[in-house]
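Notes follow once the structure below has been shown.
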Amino acid sequence: KKREEEHNVRNLADKVRKTKASTEIKNNPFEVKINRKKFDILGRKTKHDVGLPGVSRSKAINKRKETLLKEYKQKNKSSKFIDRRFGEYDTKMAPEDKILQRFAMERQRVHDKKDVYNLNEEEELTHYGQSLAEMEKFNDIVNSDDESEEKGLLSAELTASHFGGGGGLLTKKTSGNQQEEEGSQRAKSRQELIEELIQKSKQEKRERQVQKEEAQELTEKLDQDWKNIQALMVKKTPKTEQANKQEEKPKLDEYDMMVRELGFEMKAQPSEKMKTPEELAREEREKLQKLEADRLRRMLGGEAGDSAQTQSHMSADDLNDGFILDKADKKTLAYQDGKWNIGDESEGDGDDEDAEEEEDGEEEDSEAEEGDGDDDDDEDEDDEGEEEGEEQEDSSGEEEDGHSDLDSEQESEDEEGKQENKETGAKPKKSLSKEEMKAQQEAAKAELPYTFTAPETFSDLKDLLHGHTPDNQRLIVARTQKCNHPSLGVGNKLKLQKLFGFLLEYIGELATRSPPELTAIDKLIPELYALCQMFPEAACKSLQSVLIDAGHSMEEILEVKGHAGFPALDMLIYLKVTALLFPTSDFRHPVTTPALLYISQALTRCPVRSLQDVTSGLVLCCLAVEYVSFSKRFVPELINFLAGTLHLAVKDKTSLGYTVVPPFRPSGKHSDLLVLSDSESCKGWSKKNLPLSATQRLDLKNDLDRDNHRLTCLSACLDLVKRCCLLYKDLTSFPHIFQPIKTLLSKHLSAQTLPEPLQEVHNEILEAISSAPVTHSPLVFERKKPIPLKLLTPKIVEVLDYGKKHGSTREEREKERLKHKYKKEFKGALREIRKDSRFLAREKLNEIMSSDAERKRKVKELLGSLATQEGEWKALKRKKKK
């Protein structure tokens, strides 16, 4: 209501303002607004001392009604009426001129349309110089009976009759004497002219045919004469000359010979289709199932080849009704060297030879397996030795795996071959004796099964592998993996993922046994690698959990005791397995990076208190070198531990000249662990690798064994230092990093106190460190006096008038003026936009109010009409009652 009242008041004020004269408005003090100034300035003229806000408001409203209101009403409307009449929007033209001009343009438009079909009768149309009005109209089309063979050769008369409109035929005149003789006669009719034209065309055609026949006869005659002349021109050469000419054939070029060779070369034959991993897995499982069924049949006393079906010859006349006329027991007759050769004897001999060869092959395989098992008993500590041993064991394991899987297949195939040979030789089947049957059953029972179900728990895996040799354990895991391939079943993927965790736990248990079963671990690592390649995410999570548990346990021990022991053998093997399964050269890896951090933490926080600790620390150093061998990442904990290990072999620890870093101490209780008790023990020592079992249990009975172990540890440490020198020689800080080791080896641990094998490594390390070039100079202060910065005197601008800056350039003043103008215009634009939005809001409100008022009016009318009808109906009803 308030808005309506204000709106009505404004409309009323606008109406009053329109009716009043401008003088009355100016004289009215309520219509005038005086703009006050803060202070007066003499000589300055102002334009806006007095304002008329009502007048300016009414002008702005009128202007918006003419522009903005029209645009608002035309919004979202596509249809528009545009007056395109001539001169409609030209205010300079008079209405009479507009009407006259429009009338003239209309007349001209109509005239142009009618003039298109207006033919002037005075003009005469012609065709080839003849009038169309004089020419007759020929409706009949003239067609020649026979078309000429030569295309494009038309006579002048035919052309004139077809394309000349027929005028040439009617106006044709004879030339010469004919014109004089027939001048008095009548003109020829159209039919006569057409017949004459047809006769002439036929005559021309006959003439062309005659000319063609004559030309053909002349050509044949000329050919015959040329043959007669050619026989006289050709000279016959004798046969001897022809033979010589044939022998003197030109030799073929290398290119021609190559082309002929390529033409006779054998073309490439299409190879067999590559099988998918799913197909290979399916074939492996079927193969193992077949071998297992064969083994079970032999274990129950049946023969392996009972199910083999032999193909017998079938005649083309055979009705396949089961009726046998003659037995197929005829012997094959053959001659060899003039004597009979019966197939039964030769086949029997061949069978005996095959059986002997098979027995020899089985004995050789068993000997090879025993040899491989003996070779795998030795384990090395050094990284290179470990890798070589693992590769040899992997290859031998693969060979054993292949032979063991194929042994039963070969036996079954041989038995089937023997059975077929017996059938072809017409010998009856011989049943095995009881002793042979019993031996076969015992062999089948002792043989390893070919199919296994995936273990559900760790105890199931232990029960499955318990009591088997390392080779058989690997075979069991490999066959379990093949029988439960993910592509063969829905739940096999989860089973194999669990199998990876169980195998990892089983490897840790094998390492904790006394003594540790390192051979079995080496056999199982290839299968662990195969599972890791199939399920990298599950393998990553399993090893991450192992590393997290080890790190937490170390932190807890450090918090409780203040010191922690070196990792056990199972953790060392887990770190080695991590390096084998995952890449160690990545900048950041979810498994190898935590493993390297764990190694660094163990080398820094675990104190060295015994020879067993020294051995474990050197194993960790070997693993660290293996981790950074590709990336050449600098590990300061590795260098510090190696330097501390060398420090343990120094006798005189006074005036060292280098710094000893924890977990080692310059002097103290455990600082002489590698000092030899007897210098004579160097003579009988021979270089060998550290056994991994030394990290778990170390049995040293006397001082000689201890000195030998110390020298072995020192040899491993020097080898690691040499490898680090080769690894970090490209670093610019290489001489500074290895400076403590150089000082220690050159001054405190001389080569004379070491055995001969270690003296060579000692000299190589010193030579590598000293030969490294220094690629940078040390930092020193500059000798020259530094040049001071320039000091500039500040520019002082005197301000004479307030608000005006003197001393500025013309461009700066113009720039300031434009900035001020821009701000002013911007503010004005914002103000106008706000006024426009308020104007549109008022108009929308007016529309809503008018529509509401119209609706109320219509509702009142309807209610009134309904009330009237109701009153009339009630009055009518009352009348009826009376």
Open item on the list: For a side-chain contact (heavy atoms from CB on, under 4.5 Å) check, start with the C-alpha distance between Phe587 and Ser631, then their side-chain angles and the critical distance, and finish with the verdict.
Closed with: CA-CA 8 Å; Phe587 181 75; Ser631 61; over 6 Å; no
Open item on the list: Considering only residues two or more places apart or on different chains, which pairs with a residue in residues 850-873 satisfy side chain to side chain donor-acceptor pair (under 3.5 Å)?
Closed with: Glu854-Arg857, Arg857-Glu861
TODO: Determine yes or no for a side-chain-to-main-chain donor-acceptor pair under 3.5 angstrom, with Asn484 supplying the side chain and Asn492 the backbone.
DONE: no
TODO: Please round to the nearest 0.5 Å and tell me the distance separating atom CG of Leu580 and atom CG of Leu528.
DONE: 9.5 Å
TODO: Might you work through the side-chain contact (heavy atoms from CB on, under 4.5 Å) test for Arg838 and Lys835, ending with a clear yes or no?
DONE: CA-CA 5 Å; Arg838 284 197 294 268; Lys835 290 179 180 179; 3.4 Å; yes
Open item on the list: Could you measure the distance from the CE atom of Met534 to the NZ atom of Lys493? Nearest 0.5 Å is fine.
Closed with: 9.5 Å
Open item on the list: Would you say that Glu456 contacts Lys495 through its side chain, given a criterion of any heavy-atom pair below 4.5 Å between the two side chains?
Closed with: yes
Open item on the list: Ignoring hydrogens, what is the shortest heavy-atom contact between Tyr574 and Gly508? Give both atom names and the distance.
Closed with: OH-CA, 3.3 Å
Open item on the list: Please find the pair of heavy atoms, one from Ser542 and one from Gly501, that lie closest to each other, and give the distance.
Closed with: OG-CA, 4.5 Å
TODO: To the nearest 0.5 Å, tell me how far Arg842 CZ sits from Ser837 OG.
DONE: 9.5 Å
TODO: Heavy atoms only: give me the nearest His589-Thr592 pair and the separation to one decimal.
DONE: CB-OG1, 2.9 Å
Task: Residue pairs fulfilling salt bridge (Lys or Arg N to Asp or Glu O under 4.0 Å) with at least one residue in residues 93-106, sequence neighbours excluded - done: Glu88-Arg102, Glu106-Arg109
- [ ] Could you tell me whether Lys815 and Glu812 have a side-chain N and a carboxylate O separated by less than 4.0 Å?
- [x] no
- [ ] Measure the spacing between CD1 of Ile476 and CZ of Phe452 and express it to the nearest 0.5 Å.
- [x] 4.5 Å
- [ ] Please check if atom OH in Tyr822 has more than 12 non-hydrogen atoms from other residues, nucleotides or ligands closer than 6.0 Å.
- [x] no
TODO: Inspect the surroundings of CD1 in Ile34 and state if more than 12 heavy atoms from other residues, nucleotides or ligands are less than 6.0 Å away.
DONE: no
Open item on the list: Does either side chain, that of Lys498 or that of Thr457, offer a donor lying less than 3.5 Å from an acceptor on the other one?
Closed with: no
Open item on the list: Quick test of your reading of the model: are Asp83 and Arg85 salt-bridged, counting only N-O distances below 4.0 Å?
Closed with: yes
TODO: Can you establish whether the number of heavy atoms outside Tyr529 located under 6.0 Å from its atom OH is more than 12?
DONE: no
Task: Min side-chain heavy-atom separation Thr46-Lys37 under 4.5 Å - done: yes
TODO: Go through Lys541 and Phe500 one step at a time and tell me if the side-chain contact (heavy atoms from CB on, under 4.5 Å) criterion holds.
DONE: CA-CA 11 Å; Lys541 290 180 181 178; Phe500 181 87; over 6 Å; no
Open item on the list: Looking at Gln544 and Pro590, would you say the former's side chain and the latter's main chain have a donor-acceptor pair under 3.5 Å?
Closed with: yes
Task: Over all atoms of both residues, closest heavy-atom pair of Leu488 and Lys482 - done: CD1-O, 3.7 Å
Open item on the list: For a 4.5 angstrom cut-off between non-hydrogen side-chain atoms, does Arg813 reach Thr809?
Closed with: no
Task: Side chain proximity check, Val50 to Lys33, heavy atoms < 4.5 angstrom - done: no
Task: Closest contact, heavy atoms only, Phe582 versus Pro536 - done: CE2-O, 4.4 Å
- [ ] State, yes or no, whether a side-chain contact exists between Lys65 and Lys70 at a heavy-atom distance under 4.5 Å.
- [x] no
TODO: Give a yes or no on whether a salt bridge exists between Glu847 and Lys73, defined as a side-chain N under 4.0 angstrom from a carboxylate O.
DONE: no
Task: Test item: Glu31 and Val55 side chains (from C-beta on) under 4.5 Å apart, heavy atoms - done: no
Task: Where Leu575 and Tyr627 come nearest, the two heavy atoms and their spacing - done: O-OH, 2.8 Å
Open item on the list: Are Asp836 and Arg64 packed together at the side-chain level, in the sense that at least one heavy-atom pair is separated by less than 4.5 angstrom?
Closed with: yes
- [ ] Can you sort out the partners of Tyr598 under ring pair (Phe, Tyr, Trp, His ring centres under 6.0 Å), two or more places apart, ordered by chain and number?
- [x] none
Task: Nearest-0.5 Å distance, CD of residue Glu832 to CD of residue Glu825 - done: 10.5 Å
- [ ] Answer yes or no: does atom CD of Gln533 have more than 12 heavy-atom neighbours from other residues, nucleotides or ligands under 6.0 Å?
- [x] yes
Task: Side-chain touch Glu555/Gln601, heavy atoms, less than 4.5 angstrom - done: yes
TODO: Evaluate the criterion side-chain contact (heavy atoms from CB on, under 4.5 Å) for residue pair Glu505 and Leu461; output intermediate values, then yes/no.
DONE: CA-CA 10 Å; Glu505 189 175 354; Leu461 179 66; over 6 Å; no
TODO: Report the distance from atom CG of Leu531 to atom CG of Leu524, rounding to the nearest 0.5 Å.
DONE: 10.5 Å
